[in-house]
Amino acid sequence: MEDSYLDYMRDDVEVTWQCAAALRERYAALDLAKPVWKVYSEASIGKAHLEEMGVRGWNRAEFPEPLIAAILESYHGGRTECRIRRTAVPGVYVDFKSQYPTAFALQGLWRLVVARKITWRWVEPAEIQAVLDSVDVGQVLDPAFWKGLGVLVQVAPDRDRLPTRASYRGQGDRASYNVAVALRSGGPPVWFTLADCIASALHTGRAPRVVRAIGFEAVGEQTGLEPIDVGGEARYRVDPYEDDLIRRLVEMRTDVRAEQRAAAKEDDAEKAARMEGVQLAMKATANSIAYGTGIEINVIERRKLQTVTVHLPDGGFYGVKAERTEKPGSYFNPLLATLVTGGGRLLLAAAMTLVAAAGGEYAYCDTDSLFIVATRSGGLVPCRGGSGRLPDGGEAVRALPWGTVDRIVGRFAALNPYGSEATGGSILEVEDENLDPDSGERREIECFAIASKRGARFVRGADGRPLLTGRVGARSRSEHGLGHLQPPTTKDGGGDWMDRWWEHLLCLELGVEDDPPGWFDQPAVGRITVTSPREERAFRDYNRGRSYDGQVKPWSFMSVAHPTVSERARPDAPRTLIAPFERDAGRRLEMEWIDRGEVGGGAYRIRVDSSPEIRERSVAVQSYGDYFDDYRRHPERKLADPDGRPCHPWSRGLLGPRHVRLGEPGRIGKESNRLAETALPLELDEGAVVSYGDPRVCRNCGAILEGRQRLWCSEACRVRCRSRAPTRPATGGSDTARAGGNEG
């Protein structure tokens, strides 16, 4: 134990207390009855407002389990994809104002939150088919159209552009679960939101084939609801019977932010700080109620296997054993969540449709944003796979003129559901980074994307070097895939090293001379925290015989490093190395490390080199430079390259949707993708997917077995099975993707 470590611990406790005191004071200003010690996240703030009003959660018992399963099968998150890969293109960056609250308000979903009861009914398939057969983008831009989107549709996919959660694999790539808006065919009929079916019709020009449809309606209102003063101020009063809380929160937040900016200009730091707290609370409340709390499912790590009943949309069910189960939150209402996210994807699809109708392309999208390829006057931009042709015969995409982009943006003004003057205008906005920070004039920015959530926006300096847009400390580049890594230098406690990472990557791709950062040859070290019984169990051997002070305990955090590919190829080599947490990058090579998979196997030292030599108790680990090379090659698994093949590490240009042929779906949990929370390479995080296995099926007909049935679904099948060969249906050949479905 060194003095520096004791100083660190004292400082850590003091700063933690200062933060807690400041947050407690800020929370008190919201005038909410929920005790501060019961506030676990931003979602807790949203639920506190509902509790203050007296709003009661959705009564799950009123819905049959197969219906809940159908709702969850239709649920997908935000749409994110890289459309133009590893090719720098100019454009205009736009995003939707408060997308999820806006989709919530457009569909009038507050009525479902305060309803005494939510009812459902079967809708004639022909009625929904007629809507899909005739829909166009003009109807989608009519606010009255959105009030009829409270419908789930079961479709038989046949090359329809529909959200598909599957284990995608690229050329020479590992499989991983992702959600893509793919060209989907085959498999059993599947439930989607009506909004997703409309988006598919806009993309393909033809309607999905409707099998069944279910509509939902709010009946009555809950009794005993009370108005509240948001932020503890009477001028921000919301009456749950008269007002849409979500719409009012967006309007009020706009007003508060204006007050905050005015206070900052007047050097009233105290008022500016208070207004900052109020507007952030309004933002958290709007987003959590409109979306987050409705799909809140908490993973519970079990020490012993638990029996779980998996319900299917067709009424079947089966039991499995699982060590990780999922518990819905107190305001769980998946109908709200799936309608909101489906509405968000429809907004994006409408914008993409308008861009395509104008002859343009987009470079990427991310949930609520779109980078539209554009220049001041339009024209052709070099891009492999584009339909345009340059004078030299090269392939190109067409850049829209800025004026055309502005007209597309303006068309979304009709969908603005907000009433205040400050929130007027289009819900699709041109972001400030499109403007020069000094003159305020429109400027040309470019983007470069590698894969979903892996891209950067930049301008070119006088010398041609790429300069990231955005303000200092918040540059416009992705942290996805890098956030688990510790800063490579002790001095860089922030994210400046990621700015340098992206600057070097852009220079390499644009052909600009640039020396790699000096820290590229340092070991790439991440941080992991013991946050579950599953992770704690990995240290049982290590803890055995040690005093409590020397054990790895819940919420212990430590450094992690990954051996190189050649090291991992050795059968007896460690796969993941861990050591005490260390901020000083220079000391990491001097520390002792242990194998996470065999914590009692002795200590190792780490090194960074490319030598294939095997050294006793010494392991070559990946450097920041190694991670950089892997990051740069990361494929967009969800799309196909310009030749129609699955995207591979060196694919460039305009990508297209993958055609996915489905077999029988698997069943996975909503909180399956934990990869962003871990520091493990994909193939090492065996627990990343909450899987509910496959049901037992009848040996004769393939029907799901229920209750005590073990081999056959009926006596008749047992007799038939003895007299002839089994007739269980096939689940697809080698080109069949295995989809994951969220089930109740």
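Note that the coordinates shown come from a computational prediction; the quantities given were computed from them, not determined experimentally.
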Give a yes or no on this: more than 12 heavy atoms of other residues, nucleotides or ligands lie within 6.0 Å of atom [atom1] of [X].
X	atom1	value
R56	CZ	yes
E42	CD	no
Q139	CD	yes
K147	NZ	yes

Any [X] side-chain heavy atom under 4.5 Å of [Y] side chain:
X	Y	answer
V153	T193	no
V190	E73	yes
S185	L662	no
W191	Y75	no
H76	R165	yes
L152	F192	no
L245	I289	yes
M352	R79	yes

So, the side chain of [X] versus the backbone of [Y]: is there a donor-acceptor pair under 3.5 Å, distance only?
X	Y	result
T293	S288	yes
R111	G108	yes
W120	E217	no
Q129	V210	yes
Y241	L225	yes
Q306	K321	no
E52	A33	yes
D160	D158	yes
E326	V299	no
E429	D95	no

How long is the straight-line distance from [atom2] of [Y] back to [atom1] of [X], given to the nearest 0.5 Å?
X	Y	atom1	atom2	value
L415	L428	CG	CG	10.0 Å
M282	S98	CE	OG	12.5 Å
I246	Y418	CD1	OH	9.0 Å
T254	L249	OG1	CG	10.5 Å
N287	F104	CG	CZ	11.5 Å
Q107	L346	CD	CG	8.5 Å

- Message: With a 4.0 Å cut-off on N to O distance, would you call E296 and K47 a salt bridge?
- Response: yes
Where [X] and [Y] come nearest, the two heavy atoms and their spacing:
X	Y	value
A337	I295	CB-CB, 3.6 Å
G315	P66	CA-CG, 3.7 Å
G77	R345	O-NH1, 2.6 Å
L339	L149	CD2-O, 3.7 Å
T164	V660	CG2-CG1, 4.4 Å
N416	G424	ND2-C, 3.5 Å

- Task: Output, in order, the C-alpha distance, side-chain angles, deciding distance and verdict of side chain to side chain contact (heavy atoms under 4.5 Å, CB included) for Q222 and V55.
- Result: CA-CA 7 Å; Q222 298 177 22; V55 174; 4.1 Å; yes
- Item | Plane angle bin for F317 and H311 - parallel if under 30°, tilted between 30 and 60°, otherwise perpendicular | tilted
- Query: Which word best sums up how the rings of W58 and F332 line up, parallel for under 30°, tilted for 30 to 60°, or perpendicular for over 60°?
  - Reply: tilted
- Query: Are F216 and T119 close enough, and set up right, to give a side chain to side chain contact (heavy atoms under 4.5 Å, CB included), and what steps lead you there?
  - Reply: CA-CA 6 Å; F216 300 87; T119 61; over 6 Å; no
- Report the C-alpha separation of E62 and K117 in whole Å, then their side-chain angles, then the decisive distance to 0.1 Å, and conclude whether the salt bridge (Lys or Arg N to Asp or Glu O under 4.0 Å) test is met. CA-CA 8 Å; E62 294 178 350; K117 183 178 182 179; 5.3 Å; no
- Step by step, would you call K638 with S452 a side chain to side chain donor-acceptor pair (under 3.5 Å)? CA-CA 9 Å; K638 301 184 291 189; S452 300; 3.2 Å; yes
- Message: Pair L23, V36 - check side chain to side chain contact (heavy atoms under 4.5 Å, CB included), show working.
- Response: CA-CA 9 Å; L23 287 171; V36 67; over 6 Å; no
Side-chain donor-acceptor pair under 3.5 Å between [X] and [Y], yes or no?
X	Y	result
Q279	R253	yes
D366	S369	no
T102	K97	no
T338	S74	yes

- Would you sort out whether R247 and E242 count as a salt bridge (Lys or Arg N to Asp or Glu O under 4.0 Å), showing the intermediate values? CA-CA 12 Å; R247 185 173 63 243; E242 302 293 335; over 6 Å; no
- Just one of I228, D229, V230 clears the side chain to side chain contact (heavy atoms under 4.5 Å, CB included) bar with Y236, so which one? V230
- Query: Hey, which of I71, I118, N59, V113 is the one that makes side chain to side chain contact (heavy atoms under 4.5 Å, CB included) with N333?
  - Reply: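 Testing each of I71, I118, N59, V113 against N333, the sole residue satisfying side chain to side chain contact (heavy atoms under 4.5 Å, CB included) is I118.
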- Task: Go through the steps to decide whether W110 and D243 satisfy the test side chain to side chain contact (heavy atoms under 4.5 Å, CB included), and finish with yes or no.
- Result: CA-CA 9 Å; W110 180 247; D243 302 314; over 6 Å; no
